[in-house]
Amino acid sequence: MMRGGNMQGMMKQMKKLQKEMGQAQEELNVQEFTGAASDDAVVVTFNGEKKMKDIQIKPEAIDPDDPDMLQDLIIMAVNDALTNVDDATQAKMGKYTSGVPGM
């Protein structure tokens with residue numbers, strides 16, 4: 001049978017953990033992540049909430065006779081940036097979510 005003191009201690013620990021998780025998530029949200037394709041022909045910037053903040057396209061990436069190439073470069077750059085967001089999120093938040101079902 002659990003005593004009241006142990007339960008209070010657990011609740012205090014959970015609140016502390018929740019606060020730390022919230023701070024870690026906030027830090028990630030304001031961080032910027034870039035992704036690039038083909039020698040930086042296309043560079044995109046996302047925040048930790050996976051919202052695009054910027055896209056830069058070099059003029060040589062814009063070929064009116066080959067719009068598919070530009071589309072592919074944008075997709076590559078976006079996927080690269082989102083992978084960077086996911087990797088950073090896992091690195092920062094993994095210690096809180098590892099071993100927790102559903103996380």
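- The one candidate from Leu82, Val85, Asp80 that meets the side chain to side chain contact (heavy atoms under 4.5 Å, CB included) condition with Phe33 is Val85.
- For Asn29, the side chain to side chain donor-acceptor pair (under 3.5 Å) partners at least two apart in sequence or on another chain are Gln25.
- Rounding to the nearest 0.5 angstrom, the gap separating the NZ atom in Lys12 from the CG atom in Leu17 is 14.5 Å.
- Rounding to the nearest 0.5 Å gives a distance of 12.0 Å between CD1 of Ile74 and CG of Asn79.
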Please walk me through it: do Lys15 and Lys19 pass side-chain contact (heavy atoms from CB on, under 4.5 Å)? CA-CA 6 Å; Lys15 283 188 192 254; Lys19 184 178 179 185; over 6 Å; no
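- In this structure, CD1 on Ile75 lies 10.0 Å from CG on Leu70, to the nearest 0.5 angstrom.
- Atom CG of Asp87 and atom CD of Gln90 lie 8.5 Å apart (nearest 0.5 Å).
- Nearest heavy-atom pair, Met21 versus Met93, reported as atom, atom and distance to 0.1 Å: O-CE, 3.6 Å.
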Kindly list each side-chain donor-acceptor pair under 3.5 angstrom involving residues 41-56, sequence neighbours excluded, with atom names and distances?
| unit_1 | atom_1 | unit_2 | atom_2 | d |
| --- | --- | --- | --- | --- |
| Asn47 | OD1 | Glu49 | N | 2.9 |
| Asn47 | OD1 | Lys50 | N | 3.3 |
| Asn47 | OD1 | Lys51 | N | 3.1 |
| Lys50 | NZ | Asp86 | OD1 | 2.7 |
| Asp54 | OD2 | Gln56 | NE2 | 3.0 |

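- Rounding to the nearest 0.5 Å gives a distance of 11.0 Å between CG of Leu73 and NZ of Lys58.
- A pairwise comparison of heavy atoms in Ala37 and Met76 identifies CB-CB, 3.7 Å as the closest pair.
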